[in-house]
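Given the structure is predicted, the values throughout are model-derived calculations rather than measurements.
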Amino acid sequence: CWKPPGSFRECGSSLQVSVIIPTRNRPVALARIVTILLREIQQYGLAGRVEIIVVDDASEPPAIKALSEGYGTRFRGILKIVRMDENRGASTARNLGVAHSMGEVLIFIDDDIVPADDYLRATIDVTNAEPEVLVLNAKLRPLRTDIYSRFWFYYYSFAFDKPREIYQVPMLASGNCSIRRSVLNMENPLFDPALPTREDFDLYLRLKARGVPIYMSNRILAFNDCRNSLRGFIVQRLRYAEGQEQLLKKYDSELLRSESEVGTAPMNWRFLHLYIGVSLVQHALAVQMQIRQLLRRKGSTTDQRSGD
(Lines give C-alpha, C1' and ligand atoms only; values in the text may rest on other atoms or scores of the structure.)
Protein backbone atom coordinates (compact mmCIF):
# COMPACT_ATOMS: atom_id res chain seq x y z
CA CYS A 1 0.00 0.00 0.00
CA TRP A 2 2.97 2.37 0.30
CA LYS A 3 2.67 5.27 -2.11
CA PRO A 4 5.14 8.04 -3.00
CA PRO A 5 4.86 11.50 -1.37
CA GLY A 6 1.88 13.54 -2.53
CA SER A 7 -0.34 10.54 -3.25
CA PHE A 8 -3.22 9.12 -1.23
CA ARG A 9 -4.69 5.67 -1.19
CA GLU A 10 -7.10 4.17 1.32
CA CYS A 11 -5.52 0.71 1.09
CA GLY A 12 -8.91 -0.91 1.61
CA SER A 13 -9.26 0.63 5.06
CA SER A 14 -11.74 3.10 6.53
CA LEU A 15 -9.42 4.20 9.32
CA GLN A 16 -11.05 6.67 11.71
CA VAL A 17 -8.84 9.55 12.86
CA SER A 18 -9.24 12.11 15.64
CA VAL A 19 -7.11 15.26 15.51
CA ILE A 20 -6.66 16.80 18.96
CA ILE A 21 -5.49 20.43 19.16
CA PRO A 22 -4.84 21.98 22.59
CA THR A 23 -4.91 25.77 22.46
CA ARG A 24 -4.65 28.80 24.69
CA ASN A 25 -4.85 32.47 23.63
CA ARG A 26 -3.63 31.93 20.06
CA PRO A 27 -6.71 32.66 17.92
CA VAL A 28 -4.78 33.47 14.72
CA ALA A 29 -2.58 30.37 14.90
CA LEU A 30 -5.59 28.21 15.80
CA ALA A 31 -7.63 29.50 12.87
CA ARG A 32 -4.66 28.83 10.57
CA ILE A 33 -4.24 25.17 11.51
CA VAL A 34 -7.98 24.44 11.56
CA THR A 35 -8.41 26.06 8.13
CA ILE A 36 -5.66 23.90 6.62
CA LEU A 37 -7.06 20.68 8.10
CA LEU A 38 -10.67 21.42 7.16
CA ARG A 39 -9.63 22.29 3.62
CA GLU A 40 -7.93 18.91 3.24
CA ILE A 41 -10.92 17.10 4.75
CA GLN A 42 -13.32 18.83 2.39
CA GLN A 43 -11.16 18.56 -0.73
CA TYR A 44 -10.46 14.84 -0.37
CA GLY A 45 -13.74 13.62 1.09
CA LEU A 46 -12.43 12.74 4.55
CA ALA A 47 -15.48 14.02 6.43
CA GLY A 48 -16.59 10.54 7.42
CA ARG A 49 -13.15 9.52 8.61
CA VAL A 50 -11.61 12.53 10.39
CA GLU A 51 -12.80 14.63 13.31
CA ILE A 52 -11.04 17.70 14.72
CA ILE A 53 -11.25 18.30 18.47
CA VAL A 54 -10.08 21.71 19.66
CA VAL A 55 -9.54 21.80 23.42
CA ASP A 56 -9.64 25.39 24.63
CA ASP A 57 -7.46 25.75 27.74
CA ALA A 58 -9.42 28.72 29.16
CA SER A 59 -8.55 31.15 26.36
CA GLU A 60 -9.77 34.73 26.62
CA PRO A 61 -11.74 35.36 24.55
CA PRO A 62 -12.92 31.74 24.15
CA ALA A 63 -11.52 29.90 21.13
CA ILE A 64 -15.03 29.25 19.85
CA LYS A 65 -15.25 32.92 18.86
CA ALA A 66 -12.17 32.66 16.66
CA LEU A 67 -13.61 29.62 14.90
CA SER A 68 -17.39 30.00 14.80
CA GLU A 69 -17.15 33.34 13.00
CA GLY A 70 -15.15 31.80 10.18
CA TYR A 71 -16.80 28.40 9.83
CA GLY A 72 -20.35 28.75 11.05
CA THR A 73 -22.20 25.44 10.97
CA ARG A 74 -20.63 24.09 7.75
CA PHE A 75 -18.38 21.68 9.60
CA ARG A 76 -20.74 20.57 12.34
CA GLY A 77 -19.93 16.96 13.18
CA ILE A 78 -16.32 17.37 12.02
CA LEU A 79 -15.12 20.24 14.19
CA LYS A 80 -15.70 19.98 17.95
CA ILE A 81 -14.69 22.58 20.53
CA VAL A 82 -14.25 21.55 24.16
CA ARG A 83 -13.60 24.32 26.66
CA MET A 84 -11.91 24.15 30.05
CA ASP A 85 -13.01 26.82 32.51
CA GLU A 86 -9.53 27.25 34.01
CA ASN A 87 -6.00 27.03 32.65
CA ARG A 88 -4.76 23.51 33.39
CA GLY A 89 -2.07 23.00 30.75
CA ALA A 90 -1.54 21.13 27.50
CA SER A 91 -1.36 17.66 29.09
CA THR A 92 -4.81 17.97 30.65
CA ALA A 93 -6.14 19.46 27.40
CA ARG A 94 -4.84 16.54 25.35
CA ASN A 95 -6.27 14.00 27.79
CA LEU A 96 -9.63 15.76 27.64
CA GLY A 97 -9.48 15.65 23.85
CA VAL A 98 -8.89 11.91 24.01
CA ALA A 99 -11.95 11.52 26.25
CA HIS A 100 -14.08 13.28 23.61
CA SER A 101 -12.59 11.41 20.64
CA MET A 102 -13.74 8.38 18.69
CA GLY A 103 -10.87 7.68 16.28
CA GLU A 104 -8.76 4.55 16.08
CA VAL A 105 -5.79 6.85 15.62
CA LEU A 106 -5.24 9.97 17.74
CA ILE A 107 -3.28 12.79 16.11
CA PHE A 108 -1.87 15.32 18.57
CA ILE A 109 -0.87 18.60 16.98
CA ASP A 110 -0.21 21.89 18.75
CA ASP A 111 -1.66 25.19 17.60
CA ASP A 112 1.79 26.56 16.67
CA ILE A 113 2.26 23.79 14.10
CA VAL A 114 1.40 24.34 10.43
CA PRO A 115 0.51 21.02 8.76
CA ALA A 116 1.38 20.34 5.13
CA ASP A 117 -1.51 20.17 2.66
CA ASP A 118 -1.43 16.34 2.70
CA TYR A 119 -0.88 15.94 6.45
CA LEU A 120 -3.99 13.85 7.13
CA ARG A 121 -3.70 11.73 4.01
CA ALA A 122 -0.03 11.02 4.73
CA THR A 123 -0.87 10.00 8.31
CA ILE A 124 -3.57 7.65 7.09
CA ASP A 125 -1.28 6.18 4.42
CA VAL A 126 1.60 5.51 6.80
CA THR A 127 -0.66 4.17 9.55
CA ASN A 128 -2.26 1.73 7.13
CA ALA A 129 1.10 0.69 5.70
CA GLU A 130 2.70 0.15 9.13
CA PRO A 131 0.12 -1.65 11.32
CA GLU A 132 2.73 -2.62 13.93
CA VAL A 133 3.63 1.02 14.65
CA LEU A 134 1.70 2.27 17.68
CA VAL A 135 3.35 5.68 18.19
CA LEU A 136 4.52 7.80 15.28
CA ASN A 137 6.23 11.18 15.18
CA ALA A 138 5.62 13.34 12.11
CA LYS A 139 8.44 15.30 10.51
CA LEU A 140 8.86 18.94 11.47
CA ARG A 141 10.53 21.66 9.43
CA PRO A 142 11.06 25.33 10.38
CA LEU A 143 8.51 27.88 9.26
CA ARG A 144 11.16 30.62 9.55
CA THR A 145 14.97 30.79 9.58
CA ASP A 146 15.55 33.25 12.44
CA ILE A 147 17.96 32.56 15.33
CA TYR A 148 15.27 31.04 17.56
CA SER A 149 14.15 28.61 14.87
CA ARG A 150 17.75 27.62 14.14
CA PHE A 151 18.35 26.96 17.84
CA TRP A 152 15.22 24.83 18.20
CA PHE A 153 15.89 22.80 15.06
CA TYR A 154 19.54 22.24 15.91
CA TYR A 155 18.38 20.07 18.80
CA TYR A 156 15.33 18.66 17.02
CA SER A 157 17.31 17.51 13.97
CA PHE A 158 19.95 15.82 16.11
CA ALA A 159 17.30 13.70 17.84
CA PHE A 160 14.86 13.05 15.02
CA ASP A 161 16.33 13.44 11.54
CA LYS A 162 17.60 10.44 9.61
CA PRO A 163 17.63 9.84 5.82
CA ARG A 164 15.01 7.07 5.85
CA GLU A 165 11.27 6.85 5.27
CA ILE A 166 10.41 5.45 8.70
CA TYR A 167 12.64 4.56 11.65
CA GLN A 168 12.79 4.29 15.43
CA VAL A 169 13.77 7.33 17.53
CA PRO A 170 14.53 7.76 21.26
CA MET A 171 12.05 10.59 21.64
CA LEU A 172 8.42 11.64 21.35
CA ALA A 173 7.17 15.05 20.20
CA SER A 174 3.70 15.40 21.74
CA GLY A 175 2.89 18.45 19.60
CA ASN A 176 3.13 16.54 16.31
CA CYS A 177 2.53 12.82 16.60
CA SER A 178 -0.08 10.09 16.23
CA ILE A 179 -0.90 7.34 18.70
CA ARG A 180 -3.16 4.33 18.14
CA ARG A 181 -6.07 4.16 20.56
CA SER A 182 -4.96 0.68 21.64
CA VAL A 183 -2.09 2.35 23.56
CA LEU A 184 -4.73 3.58 26.03
CA ASN A 185 -5.00 -0.01 27.23
CA MET A 186 -1.44 0.35 28.51
CA GLU A 187 -1.24 4.02 29.51
CA ASN A 188 -4.34 6.00 30.40
CA PRO A 189 -4.21 8.93 30.74
CA LEU A 190 -1.51 9.35 28.13
CA PHE A 191 -0.09 12.60 29.48
CA ASP A 192 0.77 13.42 33.08
CA PRO A 193 -1.19 16.59 34.00
CA ALA A 194 1.32 17.36 36.78
CA LEU A 195 4.03 18.12 34.21
CA PRO A 196 3.99 21.66 32.76
CA THR A 197 6.37 20.51 29.99
CA ARG A 198 8.42 17.41 29.14
CA GLU A 199 5.20 15.40 29.29
CA ASP A 200 6.18 13.84 25.97
CA PHE A 201 9.49 12.57 27.36
CA ASP A 202 7.59 11.19 30.35
CA LEU A 203 5.26 9.26 28.04
CA TYR A 204 8.24 8.05 26.03
CA LEU A 205 9.81 6.64 29.22
CA ARG A 206 6.60 4.90 30.26
CA LEU A 207 6.09 3.38 26.82
CA LYS A 208 9.71 2.28 26.60
CA ALA A 209 9.29 0.48 29.93
CA ARG A 210 6.41 -1.41 28.32
CA GLY A 211 8.47 -2.30 25.24
CA VAL A 212 6.65 0.08 22.88
CA PRO A 213 9.04 1.61 20.31
CA ILE A 214 8.58 5.16 19.02
CA TYR A 215 8.86 5.80 15.28
CA MET A 216 9.43 8.77 13.00
CA SER A 217 7.99 9.15 9.51
CA ASN A 218 9.52 11.50 6.96
CA ARG A 219 6.36 11.10 4.88
CA ILE A 220 4.17 13.16 7.25
CA LEU A 221 5.24 16.80 7.19
CA ALA A 222 4.43 19.90 9.23
CA PHE A 223 6.14 23.20 10.00
CA ASN A 224 6.96 24.60 13.43
CA ASP A 225 6.17 28.24 14.12
CA CYS A 226 8.91 28.66 16.75
CA ARG A 227 9.03 31.49 19.27
CA ASN A 228 10.05 34.67 17.46
CA SER A 229 11.22 36.93 20.30
CA LEU A 230 13.84 36.73 23.02
CA ARG A 231 11.18 36.99 25.71
CA GLY A 232 9.12 34.18 24.19
CA PHE A 233 12.21 32.03 23.76
CA ILE A 234 13.33 32.50 27.38
CA VAL A 235 9.86 31.83 28.76
CA GLN A 236 9.72 28.60 26.75
CA ARG A 237 13.15 27.46 27.99
CA LEU A 238 12.21 28.23 31.59
CA ARG A 239 9.07 26.14 31.18
CA TYR A 240 11.20 23.26 29.88
CA ALA A 241 13.43 23.60 32.96
CA GLU A 242 10.35 23.54 35.21
CA GLY A 243 9.18 20.34 33.54
CA GLN A 244 12.62 18.79 33.96
CA GLU A 245 12.51 19.53 37.70
CA GLN A 246 9.17 17.76 37.96
CA LEU A 247 10.58 14.76 36.09
CA LEU A 248 13.45 14.56 38.57
CA LYS A 249 10.87 14.16 41.33
CA LYS A 250 9.13 11.39 39.40
CA TYR A 251 12.09 9.32 38.17
CA ASP A 252 15.44 8.12 39.44
CA SER A 253 17.90 10.91 38.62
CA GLU A 254 20.48 8.54 37.11
CA LEU A 255 17.89 6.93 34.83
CA LEU A 256 16.61 10.34 33.76
CA ARG A 257 20.12 11.61 33.09
CA SER A 258 21.11 8.61 30.97
CA GLU A 259 17.86 8.67 29.00
CA SER A 260 18.04 12.43 28.47
CA GLU A 261 21.53 12.15 27.00
CA VAL A 262 20.40 9.75 24.27
CA GLY A 263 19.86 11.72 21.07
CA THR A 264 20.72 15.05 22.73
CA ALA A 265 22.98 17.34 20.76
CA PRO A 266 26.04 18.92 22.40
CA MET A 267 26.12 22.64 23.16
CA ASN A 268 26.45 24.73 20.00
CA TRP A 269 28.61 27.82 20.54
CA ARG A 270 26.80 29.68 17.78
CA PHE A 271 23.95 30.07 20.27
CA LEU A 272 26.15 31.17 23.19
CA HIS A 273 24.20 34.40 23.73
CA LEU A 274 20.95 32.44 24.03
CA TYR A 275 22.44 30.05 26.58
CA ILE A 276 23.76 33.02 28.56
CA GLY A 277 20.41 34.82 28.42
CA VAL A 278 18.50 31.82 29.77
CA SER A 279 21.15 31.17 32.43
CA LEU A 280 21.03 34.77 33.67
CA VAL A 281 17.25 34.73 33.94
CA GLN A 282 17.32 31.38 35.77
CA HIS A 283 19.90 32.78 38.20
CA ALA A 284 17.85 35.93 38.79
CA LEU A 285 14.72 33.88 39.47
CA ALA A 286 16.63 31.63 41.88
CA VAL A 287 17.90 34.66 43.79
CA GLN A 288 14.41 36.12 43.86
CA MET A 289 13.05 32.85 45.26
CA GLN A 290 15.73 32.78 47.98
CA ILE A 291 14.90 36.36 48.98
CA ARG A 292 11.21 35.51 49.23
CA GLN A 293 11.97 32.49 51.41
CA LEU A 294 14.15 34.60 53.71
CA LEU A 295 11.42 37.22 54.02
CA ARG A 296 8.84 34.51 54.85
CA ARG A 297 11.11 33.06 57.53
CA LYS A 298 11.76 36.51 58.95
CA GLY A 299 8.05 37.27 58.97
CA SER A 300 7.29 33.92 60.61
CA THR A 301 9.93 34.54 63.30
CA THR A 302 8.55 38.03 63.97
CA ASP A 303 5.01 36.70 64.30
CA GLN A 304 6.20 34.01 66.70
CA ARG A 305 7.98 36.57 68.92
CA SER A 306 4.90 38.78 68.92
CA GLY A 307 2.85 35.83 70.05
CA ASP A 308 5.26 35.14 72.87
Side-chain angles (χ1 to χ4, degrees), residues 1-21 37 40-41 44 46 49-53 91 94-95 97-98 101-110 113 115-141 156-192 199-224 259 262-263:
C1 273
W2 191 266
K3 299 290 286 182
S7 65
F8 174 58
R9 183 177 176 184
E10 293 192 18
C11 305
S13 169
S14 57
L15 191 70
Q16 301 295 308
V17 175
S18 296
V19 183
I20 298 169
I21 308 172
L37 293 174
E40 185 180 1
I41 290 172
Y44 292 93
L46 300 176
R49 302 177 62 183
V50 180
E51 63 176 356
I52 300 174
I53 303 170
S91 291
R94 293 190 188 104
N95 292 335
V98 171
S101 71
M102 297 184 293
E104 303 162 60
V105 173
L106 308 170
I107 296 178
F108 297 96
I109 184 166
D110 286 352
I113 303 297
D117 291 339
D118 67 340
Y119 185 86
L120 297 173
R121 288 166 289 150
T123 301
I124 293 171
D125 276 351
V126 176
T127 302
N128 280 327
E130 305 289 344
E132 77 287 355
V133 173
L134 301 180
V135 184
L136 183 66
N137 291 290
K139 176 67 67 175
L140 275 177
R141 283 291 174 256
Y156 173 88
S157 297
F158 194 91
F160 285 103
D161 287 352
K162 293 181 182 179
R164 296 200 291 274
E165 285 281 0
I166 188 166
Y167 47 90
Q168 287 189 36
V169 290
M171 199 69 67
L172 174 65
S174 57
N176 185 35
C177 69
S178 60
I179 300 177
R180 291 185 186 264
R181 181 172 289 275
S182 58
V183 172
L184 292 172
N185 296 327
M186 294 179 276
E187 293 292 337
N188 192 0
L190 289 174
F191 301 101
D192 185 345
E199 76 291 335
D200 42 11
F201 190 62
D202 168 65
L203 179 56
Y204 159 74
L205 291 176
R206 286 185 279 128
L207 291 175
K208 182 180 179 180
R210 293 184 177 276
V212 178
I214 313 297
Y215 286 84
M216 161 66 79
S217 171
N218 285 328
R219 168 76 173 82
I220 311 167
L221 179 64
F223 301 87
N224 190 5
E259 287 288 352
V262 177

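- Minimum heavy-atom separation, Ser178 to Ile107: CB-CG1, 4.0 Å.
- Here the CG-CD1 distance, from Asn176 to Ile113, works out to 5.5 Å after rounding to the nearest 0.5 Å.
- Checked by atom type, the side-chain pair Asp117/Tyr44 shows no donor-acceptor distance below 3.5 Å.
- Residues Thr127 and Val133 fail the side-chain proximity criterion, which asks for heavy atoms closer than 4.5 Å.
- Summarising the geometry, atom OH belonging to Tyr215 is positioned 11.0 Å from atom CZ belonging to Arg164; distances are rounded to the nearest 0.5 Å.
- Looking at heavy atoms from C-beta onward, Arg219 lies in side-chain contact with Asp118 at the 4.5 angstrom threshold.
- A donor-acceptor contact shorter than 3.5 Å is absent between the side chain of Gln16 and the backbone of Glu104.
- Atom CG in Leu140 sits 8.0 Å away from atom CG in Leu221 (nearest 0.5 Å).
- Side-chain contact between Leu136 and Ile166 is present, with at least one heavy-atom pair separated by less than 4.5 Å.
- Between Ser174 and Leu203, the closest side-chain pair of non-hydrogen atoms is not below 4.5 Å.
- Summarising the geometry, atom CG belonging to Asp192 is positioned 11.5 Å from atom CG belonging to Leu205; distances are rounded to the nearest 0.5 Å.
- In this structure, the side chain of Asp200 does not engage the main chain of Ala173 through any donor-acceptor pair within 3.5 Å.
- You'll find the side chain of Asp110 reaches within 4.5 Å of the side chain of Arg94, heavy atoms only.
- Formation of a donor-acceptor pair under 3.5 Å by the Asn137 side chain with backbone atoms of Ile214 is not found in this model.
- Distance alone, capped at 3.5 Å, is enough to place a donor-acceptor pair between the Arg181 side chain and the Ser101 backbone.
- In terms of heavy-atom proximity, Ala159 sits nearest to Val169 at O-CG1, 4.1 Å.
- Taking both residues in full, the closest heavy atoms of Gly103 and Leu106 are given as O-CD2, 4.0 Å, listed atom of the first, atom of the second, then distance.
- In this structure, Glu40 contributes its side chain and Arg121 its backbone to a donor-acceptor pair below 3.5 Å.
- Separation of atoms CG (Leu172) and CZ (Phe160) is listed at 7.0 Å; rounding is to 0.5 Å.
- Looking at every heavy atom in both residues, Val126 comes nearest to Ser217 through CG2-OG, 3.7 Å.
- Between the Asn224 side chain and the Arg141 main chain, no donor and acceptor come within less than 3.5 Å of each other.
- In this structure, the separation between OG on Ser18 and CD1 on Ile179 is 12.5 Å, given to the nearest 0.5 Å.
- A donor-acceptor pair under 3.5 Å is absent between the side-chain atoms of Gln168 and the main chain of Pro213, judged by distance alone.
- Between Val17 and Leu46 the shortest side-chain heavy-atom distance does not fall below 4.5 Å.
- Counting all heavy atoms, side chain and backbone alike, Pro115 lies closest to Leu37 at CG-CD2, 4.0 Å.
- Nearest approach of Ile20 to Gly97, heavy atoms of both residues: CD1-C, 3.6 Å.
- Arg49 places none of its side-chain heavy atoms less than 4.5 Å from the side chain of Leu120.
- Side-chain contact between Glu187 and Val212 is absent, with no heavy atoms from C-beta onward closer than 4.5 Å.
- For the pair Asp202 and Arg206, the salt-bridge criterion is met [side-chain N within less than 4.0 Å of a carboxylate O].
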